[in-house]
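Read through the structure below, which is laid out as structure tokens, and then see the notes.
For ligands, and for the atoms within them, numbers begin at 1 and follow the listed sequence. Start at 1 with the first residue, then count along the sequence.
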Amino acid sequence: MKIEKYTKLIGNELLPNIQLSTEGPFDPIIVKNFSNTWQTIGSGNYAGVFLHQSNPKWVVKVYGREPEELKKEVEVYKKLGNHQSFSSLIDSGDNYLILKRIDGINLFDAVVKGVPIPESVVNDVDEGMAYARAKGLNPFDVHGKNVVMSNGRGYIVDVSDFYKQGKCRKWDDLKRAYYKIYLPIIYKYRLRVPFFIVNSVRKGYRFYRKIKKGNK
Ligand SMILES: Nc1ncnc2c1ncn2[C@@H]1O[C@H](COP(=O)(O)OP(=O)(O)O)[C@@H](O)[C@H]1O
Ligand SMILES: [Mg+2]
């Protein structure tokens, strides 16, 4: 699809029909979508992500808070270029990015829905992170909702914090849980873990890391 046509669909049918709001600092963005043609396919801490039925290859990430983060994400994508473990940036507007769609499910939802996550997904993410480091970036905030699995492959879809300094332990901690708990139990017995448990672990983890940081 031509970018001009797609941008018009964003301006005319998407942006006027969505509302992005927040409840608390630990909670993701809440998305209200009144559009008939745009579907909400994800939400994170900053943004809602939308798919238009006429173009399954792209998605639009609309920033609901801290829109200055958007510019940073654009810069990160420019530095990354194209690599198989990432989405790629098609174009950007004042408060949105157009990204290549990864047609799959994020790891958080996969655990809740009982979609098995093979080890290849973990290895792809490791490879992507090594590549980002080689490009002078700092792979930050890589966690279950920022990795999408598609046909057994893993893709890091959220690179907005890759310019940050310091060490982010999320992926290391998640990997430890993957080998200690996920593979030998959840994967082996094909279990589904209820949303409230996965979400409590996520919130508890964020809280725990915050406390630790505060005490340092
Ligand atoms: N390129 C993409 N293709 C498919 N789904 C995506 C893509 N980017 C994001 N998503 C989905 O949208 C969710 C939120 O996107 P994300 O970039 O993490 O937003 P935030 O910066 O607010 O955390 C992700 O968890 C994922 O499920
Ligand atoms: Mg995210």
Atom 21 (O) of ligand 1: nearest protein contact (heavy atom, Å): Lys61 NZ, 2.8 Å
Salt bridge Arg209-Asp173, side-chain N to carboxylate O under 4.0 Å: yes
Side-chain donor-acceptor pair present, Thr40, Asn33, cut-off under 3.5 Å: yes
For ligand 1, the portion of Ser43 having any non-hydrogen atom under 4.0 Å away: backbone
Tyr46 near the Mg ion (ligand 2) via N/O/S, less than 2.8 Å: no
Proximal atoms of ligand 1 relative to Ser87 (non-hydrogen, under 4.0 Å): 1 (N)
Nearest option to atom 1 (N) of ligand 1, as decided by whichever heavy atom of Lys100, Glu66, Arg101 sits closest: Lys100
Closest approach to the Mg ion (ligand 2) by Asp158, given as the N, O or S atom name: OD2
Cation-pi check, Arg190 onto Tyr187 ring (under 6.0 Å, within 45° of axis): yes
Heavy atom of the protein closest to atom 18 (O) of ligand 1 (residue, atom name, distance): Asn146 OD1, 2.8 Å
Proximal ligand 1 atoms for Val59, defined as those under 4.0 Å from one of its heavy atoms: 1 (N), 2 (C)
Residue and atom name of the nearest protein heavy atom (relative to atom 24 (C) of ligand 1), distance in Å to one decimal: Lys145 O, 3.2 Å
Closest to atom 15 (O) of ligand 1 (judged by heavy-atom distance), picking from Val49, Ile41, Val157: Val49
Protein heavy atom at shortest distance from atom 3 (N) of ligand 1: Ile102 N, 2.8 Å
Over all atoms of both residues, closest heavy-atom pair of Tyr205 and Lys170: OH-CA, 3.6 Å
Result of checking Glu75, Lys79, Glu69 against Tyr163 for side chain to side chain donor-acceptor pair (under 3.5 Å): Glu69
Nitrogen or oxygen atoms of Asn45 and ligand 1 under 3.5 Å apart: yes
Electrostatic pair Lys61:Glu73 at N-O distance under 4.0 angstrom: yes
Any N, O or S atom of Asp141 closer than 2.8 Å to the Mg ion (ligand 2): no
Side chain, backbone, both or neither: the part of Glu69 lying under 4.0 Å from ligand 1 by heavy atom: neither
Asp126 and Trp171: side chain donor to acceptor below 3.5 Å: yes
No-hydrogen, no-angle side-chain donor-acceptor test under 3.5 Å, His52 and Asn55: no
Validation row, ring centre Trp38 to ring centre Tyr96 under 6.0 Å: no
Nearest heavy-atom neighbours spanning Tyr179 and Glu119: OH-OE2, 2.8 Å
Proximal ligand 1 atoms for Ala47, defined as those under 4.0 Å from one of its heavy atoms: 22 (O)
Shortest protein heavy-atom distance from atom 20 (P) of ligand 1, along with the residue and atom involved: Asp158 OD2, 3.4 Å
Ligand-residue contact atoms, ligand 1 with Asn106, heavy atoms, under 4.0 Å: 25 (O), 27 (O)
Inter-residue atom distance Arg65.CZ - Asn95.CG, 0.5 Å rounding: 15.0 Å
Atom indices of ligand 1 within 4.0 angstrom of Gly42 heavy atoms, with elements: 12 (O), 13 (C)
